[in-house]
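A short worksheet on the structure shown next.
In this text, all values refer to a predicted model and were calculated from it rather than measured experimentally. As the structure lists them, so they are numbered: ligands from 1, and atoms in each ligand from 1.
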Amino acid sequence: LALVAGQVASALGNARAFEAERRRAESLAELDRAKTAFFSDVSHELRTPLTLLLGPISDVLAAEGLPPGARDQLTLARRNGQRLQRLVNDLMDFASIEAGQASAVRVATDLPAFTAELAGVLRAGAERAGLSLTVDCPPLPHPAAVDPRMWEKVVLNLLSNAVKYTFVGGIEVQLRGTDDAVELTVSDTGIGIPVEELPLVFDRFHRVAGSLARNREGTGIGLALVRELVALHGGTVGVTSEPGRGSTFSVTVPYGTPDAAGDAEHPAAP
Ligand code: ADP
C-alpha cells in the first residue's frame with residue numbers, strides 16, 4: 001500500500017510540476033507578445049516626430065551663411081537623429097518578424113552585382129577611416145532569388161559593423177555559390193570577439209564588454225536582425241574570430257526561387 005501511495009504521490013507531484021511548467025511557458029509567451037507589441041507601438045509613435053525633427057534640421061543645414069559652430073551642432077543633431085531613426089526602423093522590423101507578419105518575398109536577383117553595389121555604399125566611409133575594402137563577387141553557378149530589401153539590410157549591417165569595429169587594415173566581402181547555396185562572408189582585421197562571446201553576438205541587445213567595443217556607438221540589435229532576416233530565407237549565420245586579429249561573419253542561404261508576388265528581375269542598383 002505504501003508503495004502504491006508513494007507512486008500516486010509522485011505521479012501527482014509530476015502532474016503539478018508539469019502544470020506549473022506549462023503555466024510558466026504560457027506566461028513567458030504572453031510576456032513576449034506584450035514586449036513585441038510595446039516595441040512596435042513605441043517605434044511607431046517615434047517615427048513621425050523623428051521625421052519632422054530631421055526634415056527642418058536638413059533644411060537649415062542646406063542654407064547658406066550658417067555660423068560654423070551652429071553647423072557642427074546641427075550636423076551632430078542630425079547624425080544622432082538618423083541613428084535613432086535606424087534603431088526605430090530595426091525595432092519595427094523586429095516586431096513584425098516576431099508577430100509572424102514578415103516573410104521574405106523572393107525576387108530573381110543578380111546577387112553578385114547587387115552585393116557589390118551595396119558594398120560600394122560603404123566604400124567612402126571605410127576609406128575615410130583609412131580602411132581598404134575588397135569586393136570579390138564573381139558570377140554564381142545558379143540563379144538566385146532573395147528579398148532585396150532584406151538582403152540589403154543583411155549586407156549593410158555586416159559591413160557597417162566591420163567598418164565600425166576595425167581600426168587598421170581592411171575589410172573583404174566575398175560571395176560564393178556552391179551546388180545548393182550562396183555564401184556571403186564579410187571579413188575584417190578589426191578588434192575581434194572573445195571566444196566566449198561568439199555564441200552571444202547574434203542575441204538581441206547583446207554587446208561585447210570591453211572599452212574597444214563599447215567605445216563605438218551601437219544598440220546590439222543589428223546582428224539579431226541579420227539572423228532573423230537570414231532565417232526568413234531558410235538560411236544560417238555564423239562567425240569566427242580572433243581577438244586583436246579580426247572577425248569573419250558568414251551568411252548561407254539557399255538559391256531560392258522567385259515568389260509569384262515578386263517575379264520581376266531585381267536590378268543591380270537598389
Ligand atoms: P551594435 O549596434 O552594438 O554594433 P550588433 O548587433 O550589430 O550591435 O553587434 C553586436 C555586438 O557584436 C557589437 O556590440 C560588438 O560588440 C560585436 N561585433 C559585431 N560585429 C563585430 C565585428 N565585425 N568585429 C568585432 N565585434 C563585432
Side-chain angles (χ1 to χ4, degrees), residues 35-36 39 43 46 50 79-98 102 115 118-119 121-123 125-136 149-175 183-232 235-252:
K35 203 173 62 189
T36 301
F39 272 151
S43 307
L46 288 175
L50 260 175
R79 211 178 56 227
N80 280 288
Q82 286 167 338
R83 198 179 138 210
L84 198 55
Q85 206 170 35
R86 274 196 300 276
L87 174 61
V88 164
N89 286 335
D90 283 355
L91 283 173
M92 288 194 61
D93 279 351
F94 241 125
S96 77
I97 290 170
E98 281 203 338
T115 306
L118 291 168
V121 174
L122 289 194
R123 180 173 295 283
E127 285 171 358
R128 225 179 303 124
L131 305 170
S132 64
L133 176 65
T134 315
V135 180
D136 175 22
R149 203 181 75 90
M150 293 184 180
W151 186 257
E152 176 175 333
K153 289 208 163 190
V154 168
V155 175
L156 292 184
N157 261 314
L158 292 180
L159 253 172
S160 58
N161 274 351
V163 173
K164 194 159 73 169
Y165 298 110
T166 303
F167 298 94
V168 283
I171 293 135
E172 183 166 17
V173 181
Q174 273 195 344
L175 193 74
E183 189 183 28
L184 167 78
T185 54
V186 177
S187 316
D188 64 57
T189 57
I191 60 174
I193 300 167
V195 64
E196 66 277 11
E197 295 275 352
L198 288 177
L200 305 175
V201 289
F202 288 98
D203 288 352
R204 198 183 319 178
F205 300 124
H206 187 82
R207 304 199 70 210
V208 174
S211 57
L212 271 180
R214 287 287 168 89
N215 272 343
R216 303 313 239 185
E217 286 176 355
T219 58
I221 207 173
L223 287 179
L225 191 60
V226 165
R227 180 168 63 182
E228 296 286 349
L229 296 174
V230 171
L232 286 174
T236 53
V237 293
V239 56
T240 57
S241 186
E242 214 181 309
R245 306 206 69 137
S247 313
T248 297
F249 283 85
S250 62
V251 162
T252 307

Going by the rule side chain to side chain donor-acceptor pair (under 3.5 Å), which residues pair with [X] if we only count those two or more places apart in sequence or in a different chain?
X	answer
E228	none
T185	none
T134	none

Every residue of the protein that comes under 4.0 Å of ligand 1, judged on heavy atoms: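 Protein residues near ligand 1 are N161, A162, K164, Y165, D188, I191, G192, I193, V201, H206, R207, V208, A213, G218, T219, G220, I221, G222, L223, S247, F249.
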Donor-acceptor contact present, side-chain T166 to main-chain V163, <3.5 Å: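 Absent.
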Option among L158, L184, V154 that satisfies the side chain to side chain contact (heavy atoms under 4.5 Å, CB included) test with F249: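 Testing each of L158, L184, V154 against F249, the sole residue satisfying side chain to side chain contact (heavy atoms under 4.5 Å, CB included) is L158.
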Neighbour count above 12 (heavy atom, 6.0 Å) for R245 CZ: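 Counting neighbours around CZ of R245, 12 or fewer heavy atoms of other residues, nucleotides or ligands fall under 6.0 Å, so no.
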